[in-house]
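All ligand and atom numbering here is 1-based and tracks the order in the structure. Residue numbers run from 1 in the order of the sequence given.
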Amino acid sequence: MTKKTILITGGTGYIGSHTAVQLLEADYQVIMLDNLSNSKADVVQRVEKISGKKVSFIQGDIRDDQCLHQVFQNNPIDAVIHFAGLKAVGEGQSQPMRYYENNVSGSLSLFQAMQSFGVKTLLFSSSATVYGDDGVGKYHEQSALSPSNVYGQTKYMVEQILRDIQASDASWRVGILRYFNPVGAHPSGYIGEDPNGIPNNLMPYIAKVASGELTHLNVFGNDYPTPDGTGLRDYIHIQDLAAGHLESLRYMLEKNTSITVNLGTGQPHSVLELVHAFEQVTEQSVPYQITQRRAGDVAICYADPSLAKTLMGWQAKYNIQQMCADTWRWQTYSKTILKI
Ligand code: NAD
Ligand code: UFG
């Protein structure tokens with residue numbers, strides 16, 4: 001049987017690179033397309049080193065129709081996993097046009113190219129941020145959709161485009177995957193999350209405090225209606241998230257169907273629980289200060305992940321201790337192996 005070829009947009013990014021490794025290990029051929037706006041080209045070699053397999057890398061932009069045309073013309077692509085996008089919530093609020101253009105127009109260009117070349121199998125990176133704040137905080141796939149920021153709107157709009165495409169043409173197989181809070185790194189320490197500048201997200205911030213690059217963590221509020229007053233989130237190990245993509249793809253191809261699923265653990269953890277787990281696992285101290293709530297944050301957000309388990313047998317395996325250990329290995333190791 002010939003190997004299936006998967007195009008990964010945003011392939012050198014955090015989630016794309018980990019998913020690429022697992023696809024290669026499962027004997028898919030992988031083509032990465034990335035404009036390197038938020039990642040580095042050496043990720044390609046790192047992915048090859050971990051997997052022991054070759055990857056095709058194209059530096060290009062999903063908004064560039066000519067580039068897309070060439071990619072589909074020159075390669076026998078069976079399916080696309082679409083990660084390319086901008087993802088900083090605060091930046092989306094201050095630069096809405098850039099976010100709509102990149103995330104929505106870019107996605108539309110990609111879907112048009114796919115349609116032209118008859119490639120109609122797609123996984124799309126959506127986010128738990130498409131759910132509105134229902135006051136309970138546990139979200140299943142039928143929960144109301146009501147994004148509260150520009151970034152979330154871009155995800156909602158692309159989801160809606162995909163629902164309309166499926167309604168118009170039943171030969172599309174679309175997987176809408178709503179991620180909760182991806183953290184951690186590949187256990188080899190070769191790839192991980194590498195945010196530019198000061199991190200916005202909790203886990204990379206904690207890692208930089210533990211390493212001494214930042215002096216302390218600001219904990220955004222301890223007066224939420226949660227057991228310790230800090231926000232509760234559903235942190236999911238990047239390896240589990242990547243595995244969720246493989247299971248989704250396998251399920252869609254086998255059953256010739258479309259899906260919309262949450263990818264989370266179903267276990268909420270507070271900010272302070274994550275801080276203490278990190279300190280315990282790494283034996284480093286993570287000084288913190290309680291500050292004001294961050295605008296736009298909700299108290300609680302975690303997944304009901306039961307649909308993914310029922311449909312395709314996928315469930316997360318790793319706990320927060322493993323998430324912290326792998327983040328720390330990447331944080332410390334990546335500095336010593338920048339050249340591979
Ligand atoms: P990332 O920034 O590490 O990866 C995204 C990649 O896309 C980057 O390598 C970037 O260079 C590339 N890219 C951006 N715009 C592009 C364009 N126009 N053309 C080509 N490449 C482009 O982010 P990530 O954490 O790996 O996220 C991947 C996807 O998952 C994103 O769509 C993101 O919105 C979504 N998501 C992420 C999270 C999270 O917390 N990490 C949560 C929910 C959803
Ligand atoms: N937090 C702090 N201090 C920090 C950073 C975060 O206390 O320096 C707290 C937040 O208040 C929140 C929790 O840590 O309670 C998690 O915050 P993150 O910024 O790590 O994650 P969010 O839940 O706010 O958002 C993330 C992604 C979004 C995505 C969402 C749901 O950033 O893109 O998960 O998938 F949409």
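The shortest heavy-atom distance from Gly11 to ligand 1 is not under 4.0 Å. Ligand 1 lies nowhere less than 4.0 angstrom from a heavy atom belonging to His82. Heavy atoms of Asn181 come nearer than 4.0 angstrom to ligand 1 in no pair at all. Contact annotation: Gly106 has no heavy atom less than 4.0 Å from any atom of ligand 1. Within the 4.0 Å heavy-atom cutoff, Tyr224 does not count among the residues contacting ligand 2. Under the 4.0 angstrom criterion for non-hydrogen atoms, Tyr235 is in contact with ligand 2.
A cation-pi arrangement is present between Arg293 and Tyr224, with the terminal nitrogen or guanidinium carbon under 6.0 Å from the aromatic centre and inside a 45° cone about the axis.
Of the polar atoms of Ser39, at least one N or O is found under 3.5 Å from an N or O of ligand 1, judged by distance alone.
You'll find the ring centres of Tyr288 and His216 outside the 6.0 Å limit. Here His18 and Tyr190 keep their ring centres 6.0 angstrom or further from each other.
The parts of Asn201 lying near ligand 2 are both backbone and side chain, judged by heavy-atom distances below 4.0 Å. By the criterion of a heavy-atom distance under 4.0 Å, the side chain of Tyr151, and not its backbone, is placed next to ligand 2.
Nearest-heavy-atom check against atom 17 (O) of ligand 2 across Lys208, Met203, Arg294 picks out Arg294.
Partner His245 forms a ring-ring contact (aromatic ring centres under 6.0 Å, His included) with one of Tyr179, Tyr251, Trp314 and no other, that one being Tyr179.
Scanning the protein for heavy atoms near atom 15 (N) of ligand 1, the closest one is Asn102 ND2, 3.1 Å. Nearest protein heavy-atom neighbour of atom 29 (C) of ligand 1: Phe83 O, 3.1 Å.
A side-chain donor-acceptor contact under 3.5 Å links Ser171 and Lys120.
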